Amino acid sequence: MALEKKPNFKEIESKSNKSKRFASSRLSPKPNFKEIESRWQKWWLDKKIFKFDPKSKKSIFANDTPPPTISGRLHIGHALNYTLFDFVARYKRLAGFNVFYPIGWDDNGQPTERYVEKKLGIKSKDMPRSKFNKIVINELKDAEKLVKEDSVAFGMSYDWSTLYKTISPQSIKAAQTSFLDLHKKDLVYRAEEPMLWCPHCQTVLSQADVEDKQRATKLNYIKFKANKKDILIATTRPELLPACVAIFVHPDDKRYKKLIGKKATVPLFDYQIPIKASKDIDLEFGTGILMVCTFGDKADIEKWKKHKLPLKIIVTKEGKLNKLAGKYKGLTLAEARKKILKYLTAEKLLVKQEPLQQTVGVCWRCHEAVEFLVTKQWMINLIDYKKEFIKQGRKIKWHPKFFRARYEDWINNLGWDWVVSRQRHFGVPIPVWYCKKCNEAVVADLKNLPVDPETDKPKKKCKCGSKDFEPEHDVFDTWMTSSLTPEIALSWPDKKLSSKFFPMDLRSSGHDIIRTWAFYTIVKAFYHFKKIPWKHAMINGMVLDPKGRPMHKSLGNVVSPRNMIEKYSSDAMRYWASNVSLGEDIPFQEKELARGMKILIKLWNVSRFVELHLKTKPKKSKLKTIDQWILGRLHQTLEQYQKYFDNYQPSKARKEIEMFFLHEFADFYLEMVKHRLYGDEKANEVKYTLYQCLLGILKMWAPFIPHITEEIYQQTFKSAEKDKSIHISAFPKKTKIDKKAVKLGKLTVEAVAAIRKYKADNNMSLGKEIEKLTLYHPKVSELKKVADDIKGTMRIKELHLKKGKLKVK
RNA sequence: GGGCUGGUGGUCUAGUGGUAUGACGUUCGCUUGACAGGCGAAAGGUCGCCGGUUCAAUUCCGGCUCAGCCCACCA
């Protein structure tokens, strides 16, 4: 071969007239992804490419971005979730929207508290709350850096100037304003009732904070005395014997009918309890007798309320037994269970044990079993407005749709109002004081927010005239703040919410927090503004390991996004994320990243090829059918791509562009025009088409793989296109599609493919010249119009076209 | 027990009222003057099971089954 394998770029560059060239430099033979990615990430930040422009006349697309918790590196689930909505944000910019894309740090929760305590070796409870809050904000700078670093490495296009923090004075003010507004609207109240309690975290929990956990336990058959006879009672919680307040049997149960109304004696503790009847007792379970303790579970609470039973509290806030448990005082529940069972066995009161699969409620933070304790808490009314929340949910478009059902299921099954106070130290203080004289709760004034009742004092007297107050020590549930992310991002309450921004357009989150983040956000927007918080909710699935199991440190199957970026590239990781069907849980497949790499390299090489033939921006000239075919297909692809994106299906949009790029543009069009490019120095119509197609292709790829597309754009198109960055440019304008050319192009593809197969079947190289070839095709008269293209592409000197079934001879 | 998803070539997936998309893997061939992390081609599926509607079902309807998730129950 006379030609060099690799072109000498330096020589070519020096030969060409630089002033005429539209590209300032050429693409190198091999891209250095790491270098390219970090360079553009830095450039986007430095040049504030994604800064929101309030003066723009474009219509606004507002995102309610999930603020990551600040407690370490982001995991692969973040990478999936975050890049999914970044695709949408980047798409919307190219589609002509003024994208409001804020970001926040969620740093008012327990993960952050633990992180800071551990790091500094301090305890939140040892100091005034405001001091600890300040320490958190200060100390978190390093931790935030990690999360920001990861976000930037993922290629997120946030507007960093909007950054908010959920423990900042502004967020505290927002949460407290929310509370005061609800207070004014009579939607909050204080109640003393049995509620879910986490003995480990030592705080009350809401229904949403409790998760189910399967565990194996034992059903213990224990002898009670009734009417001087032994009766057997089956229980999983013998440690609650000292809290027993009644036993229940079914009114029609022949075995126990006589006992109803009589008394039974609790073993070991030797006190009497009434025997009552209730129709909901299952005759089959255990011995058909139910023991009610205060409180073992929800059923106990129901019976206790309905039958006005006495209260025997034996469990302390630490999860230990108190003096009512006699000699078991001070033991944890688990210790007490062991000991009591031992004594029961010794006394021959434990008749038998059966294994039982049991589901228990556990705290979502620490995964320890929860208990029921009577405490006094602030509550937000939810139960009275369930119907409204369902109505609001129906005004929101859920993607995919079926997650609305999950939202509604949750509301329909809600049994309790929202407990918003937490017995924690770190967090947003509840802006309330209690009058020491009359016990009246005095709430702060809006104008004084944010306040910390532990350090601030009420600015007015109590109704009773007293000035002596006890501060509220509790803080809010973190969701009290998180449920206000759209409002906080829009600087509420300092600024009014403009209808241009609120409701926001999009919230994106995992399906695991529909019952919390999504639900509470809808509640707040409704209570405060009678509005929905966003028009669309994009719900994505969880990342599982390749075998379909959840990723857990304990299973050793956690995939780190940083390692993946290191091994492949950020764009390759985003490519992986773009594969996922919205809402589906996805097993992690590393080969998808490898596939991503291939696509990136392909795009690079295609761009190199195109660029080799472009010296200046080509002007439009008379196009051949094949050119009109590919341009038509480009616009058809764009149309379909936009349809998918507008319907929040980025993975489908990506498939659309990928198929067009690989299997039409690269596989066929490029091969079909080589003979024209090398045959005719000018071939202006080809160059024009290549330019338009590649630019359009790059723009369609841009939301998915922003780094490589920016690099190619900057090197190849920037000097001729006016847009500063490909990511703030616009998709090609709609043009008329030549449908006849599109059809004919498809026939040409068919013909070329048939001849390729012919060459492959005959062990010929594709480049081999063929003297004479006959192609049979049903639409031979059409094909005659593109005979030159077929000949040129397949290197045929003499091509005969004959009517007939597709065949090559 | 209620609800929601999904069951498509070896693996993972798209999609549709007329026997099916792509990727990975497998096999074969090949320097198409962009690309060997490449190019071209081939083999491979009774679209979970049963019944119904229809000229026609993988696609619609009903039932079942398996898997996953959410919720309730959980003495």
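Order of the sequence lines fixes the chain letters, A, B, ..., with proteins taken first and strands second; residue numbering starts at 1 for each chain. It should be emphasised that the depicted structure is a prediction, and the values quoted were computed from it without experimental measurement.
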K.L.:
Any N or O donor-acceptor pair linking the side chain of A:K674 to the base of B:rA34 at under 3.5 Å?
P.N.:
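Answer is yes: a donor-acceptor pair is held.
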K.L.:
Where the side chain of A:N413 is defined as all heavy atoms beyond and including C-beta, which of B:rC69, B:rA72, B:rG33 is the nearest nucleotide?
P.N.:
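Looking only at heavy atoms from C-beta outward on A:N413, the closest nucleotide is B:rA72.
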K.L.:
Of all the nucleotides listed (B:rA72, B:rG33, B:rC35), which has the minimum atom distance to the side chain of A:Y678?
P.N.:
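The answer is B:rG33, which lies nearest to the side chain.
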K.L.:
Describe the nucleic acid contact of A:D300 in one word from base, sugar-phosphate, nothing, applying a heavy-atom distance below 4.0 Å.
P.N.:
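Counting heavy atoms under 4.0 Å across all strands, no contact is made by A:D300.
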K.L.:
Heavy atoms under 4.0 Å, any strand shown: does A:R406 hit a base, just sugar-phosphate, or nothing?
P.N.:
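Counting heavy atoms under 4.0 Å across all strands, the contact made by A:R406 includes a base.
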K.L.:
Quantified in whole Å, what is the P atom distance between nucleotide B:rA20 and nucleotide B:rG52?
P.N.:
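Approximately 25 Å lies between the P atom of B:rA20 and that of B:rG52.
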K.L.:
Checking all strands, does A:I233 fall into the base, sugar-phosphate, or nothing category for heavy-atom contacts under 4.0 angstrom?
P.N.:
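The answer is nothing, as A:I233 stays clear of every strand by at least 4.0 Å.
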K.L.:
Please give, in whole Å, the distance from B:rC70 C1' to A:K213 NZ?
P.N.:
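It works out to 19 Å between those atoms.
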K.L.:
Can a salt bridge be assigned to the pair A:K306 and A:E302 using a cut-off of 4.0 Å between side-chain N and carboxylate O?
P.N.:
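No salt bridge links A:K306 with A:E302.
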K.L.:
What does A:I289 touch in the nucleic acid at a heavy-atom separation under 4.0 angstrom: a base, only the sugar-phosphate, or nothing?
P.N.:
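Touches a base.
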K.L.:
Looking across every strand, which nucleic acid part, if any, lies under 4.0 Å from A:A666 by heavy atom: base, sugar-phosphate, or nothing?
P.N.:
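It contacts base atoms.
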K.L.:
What nucleic acid atoms does A:M291 come within less than 4.0 Å of, heavy atoms only: base, sugar-phosphate, or nothing?
P.N.:
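No contact.
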K.L.:
Report all interatomic pairs (protein N or O, nucleotide N or O of nucleotides 13-17 of chain B) with separations under 3.5 Å.
P.N.:
residue	atom	partner	partner atom	Å
B:rA14	OP1	A:S581	OG	2.9
B:rG15	OP1	A:K652	NZ	2.2

K.L.:
Can you tell me how far apart NZ (A:K303) and CG (A:L309) are? Round to the nearest 0.5 Å.
P.N.:
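Going from the NZ atom of A:K303 to the CG atom of A:L309 covers 9.5 Å.
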K.L.:
Scan A:M659 against the nucleic acid and name what it touches under 4.0 Å (heavy atoms): base, sugar-phosphate only, or nothing.
P.N.:
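Sugar-phosphate: the residue A:M659, judged by heavy atoms under 4.0 Å, touches backbone atoms but no base.
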